[in-house]
Amino acid sequence: MKYKLLVLDVDGTLLNETKEISKRTLAALLKVQQMGVRIVLASGRPTYGVMPLAKSLELGNYGGYILSYNGCQIIDAQNGKILFERRINPEMLPYLEKKAHKNKFALFTYHDDTLITNSPENEHIQSEARLNNLRVIKEEEFSTAIDFAPCKCMLVSDDEESLVSLEDHWKRRLNGALDVFRSEPYFLEVVPCSIDKANTLGVLLEQLKMKREEVIAIGDGVCDVTMIQLAGLGIAMGHSQDSVKACADYVTASNEEDGVAIAVEKVILEEIRATEIPLDELNTQARHALMGNLGIQYTYAAEDRVEATMPVDHRTRQPFGILHGGATLALAETVAGLGSMILCQPDEIVVGMQVSGNHISSAHEGDTVRAVGTIVHKGRSSHVWNVDVFTSTNKLVSSVRVVNSVMKKR
């Protein structure tokens, strides 16, 4: 496939205004991962605040990543390992605190599952803590209390003019030491020098040995512009300001109108051909799912035929050493499921509805059976597959009928 990595901003892009992933967006993102495209969640949120979204999208099962703190960290979603990290020198904290105090700005930073601040009563800070499910810790002597190197610090004020003034001053004064930018009218972010989503994404691409032409990036804010420009295909959300849209190759619908799903369906799912499906990647990504636990491996995929193998071993045999009928049905459903996903349209999802099998002969421990699925009926609302399971000597073991329901995404 042309694209191998999908990078998504979180707030205002992946999430709607109620801070949820819509059903249509979730279905589309699960499907592109099943087709071999990895997902990166690129957010200004702390890592702790992005982790629940990564779990909802099953990034850990499909080789996905978290790019948090606007680029200060890269996390492997499968094992939580930090692949890249940049932090602020703690010696800079007294200076930041002094400027915040002089301008009567609130100040906070993150540490694991906590938010540390000198102004816990501030409504914007309270909202940030709720958004990321963080415990708030009050420290009046902020710089003295911070005994670690933070990924970023945030200054908070409703006096936007004063924030802009300090931002301009710091861009000259801190040039080469720290970077500053406003992520919201009331937030002034301080991060390590040269840290932004694009630069950190570039680090990840080097580690994955991917080209920028293989990347799609979707975002809605000024902080996403460099990322959008770096990607082979940069997409802006429909509600983005004009300056963001001007930097994108394509503008999708808003986050309230399933803009991410629409873009993914159009740019990725409509372009997928059965011959392009990366079976090796699908097999690798499914190692922690049911098919991986049973040792099922896809071996062939086309629009009207899908094949897979499964060993007859301790995972799939009955106590007396022959293939378990339940494992056979799971193999058949796995084959028919991929076949229907290939056939359905980008705005459709597939759900298993019925499976029935006739077990004709047995396969013994030590053998490897082969399932061959062929489409019997391709309707608008259902697919019917016949899946025959053979031994390694081509003896028919079972003949299974699988019915999948095809539904429009909502």
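Starting from 1, each residue takes its place in the sequence as its number.
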Donor-acceptor list for residues 126-134 side chains, cut-off 3.5 Å, not counting sequence neighbours:
residue	atom	partner	partner atom	Å
Gln126	NE2	Pro120	O	3.3
Gln126	NE2	Glu121	O	3.2
Glu128	OE2	Tyr110	OH	2.5
Glu128	OE2	Asn132	ND2	3.2
Asn132	ND2	Glu128	O	3.1

Between side-chain atoms of residues 327-338 and protein atoms elsewhere (two or more places apart, or another chain), which donor-acceptor pairs fall under 3.5 Å?
residue	atom	partner	partner atom	Å
Thr328	OG1	His324	O	3.1
Thr334	OG1	Ala330	O	2.8

Donor-acceptor pairs under 3.5 angstrom involving side-chain atoms of residues 148-155: please list them, not counting sequence neighbours.
residue	atom	partner	partner atom	Å
Lys152	NZ	Gly44	O	2.7
Lys152	NZ	Glu189	OE1	2.8
Lys152	NZ	Glu189	OE2	3.4

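Judged purely by distance below 3.5 Å, without hydrogens or angles, the side chains of Glu256 and Ser254 never pair a donor atom with an acceptor atom. Defined by atom type and a distance below 3.5 Å, a donor-acceptor pair is present between the side-chain atoms of Asp258 and Ser22. A donor and an acceptor atom, one from each side chain of Ser194 and Asn199, are nowhere located under 3.5 Å apart. Judged by distance alone, the side chains of Asn255 and Glu17 do bring a donor and an acceptor atom under 3.5 Å apart. Side chains of Asp159 and Ser157: no donor on one and acceptor on the other come within 3.5 Å. Side chains of Ser392 and Asp367: a donor-acceptor N/O pair is present below 3.5 angstrom, by distance only. Asn358 and Arg401 form no side-chain donor-acceptor contact under 3.5 Å, judged by distance and modelled atom types alone. No side-chain N or O of Trp385 forms a donor-acceptor pair with one of Thr374 less than 3.5 Å apart.
For Thr114, the side-chain contact (heavy atoms from CB on, under 4.5 Å) partners are His111, Ile116, Arg135, Ile137, not counting sequence neighbours. With sequence neighbours excluded, the residues satisfying salt bridge (charged side-chain N to carboxylate O under 4.0 Å, His left out) with Asp313 are Arg315. Annotation: salt bridge (charged side-chain N to carboxylate O under 4.0 Å, His left out) contacts of Lys171 (sequence neighbours excluded): Glu167. Judged as a salt bridge (charged side-chain N to carboxylate O under 4.0 Å, His left out), and not counting sequence neighbours, the contacts of Glu365 are Arg317. For the ring pair (Phe, Tyr, Trp, His ring centres under 6.0 Å) test, residues two or more places apart in sequence or in another chain that qualify with Tyr186 are His124. Considering only residues two or more places apart in sequence or on other chains, Asp388 meets the salt bridge (charged side-chain N to carboxylate O under 4.0 Å, His left out) condition with none of them. Remark: Arg305 pairs with Glu307 by the side chain to side chain donor-acceptor pair (under 3.5 Å) rule, at least two apart or across chains. Under the side chain to side chain donor-acceptor pair (under 3.5 Å) criterion, Thr391 pairs with Thr393, sequence neighbours left out. Phe187 meets the ring pair (Phe, Tyr, Trp, His ring centres under 6.0 Å) test with Phe108; sequence neighbours excluded.
When all heavy atoms are compared, the tightest approach of Thr200 to Gly71 is OG1-O, 2.5 Å.
A salt bridge is absent between Glu265 and Lys31: the closest approach of a Lys/Arg side-chain nitrogen to an acidic carboxylate oxygen does not fall below 4.0 angstrom. Using a cut-off of 4.0 Å between Lys/Arg side-chain N and Asp/Glu carboxylate O, Arg87 and Glu85 are scored as salt-bridged.
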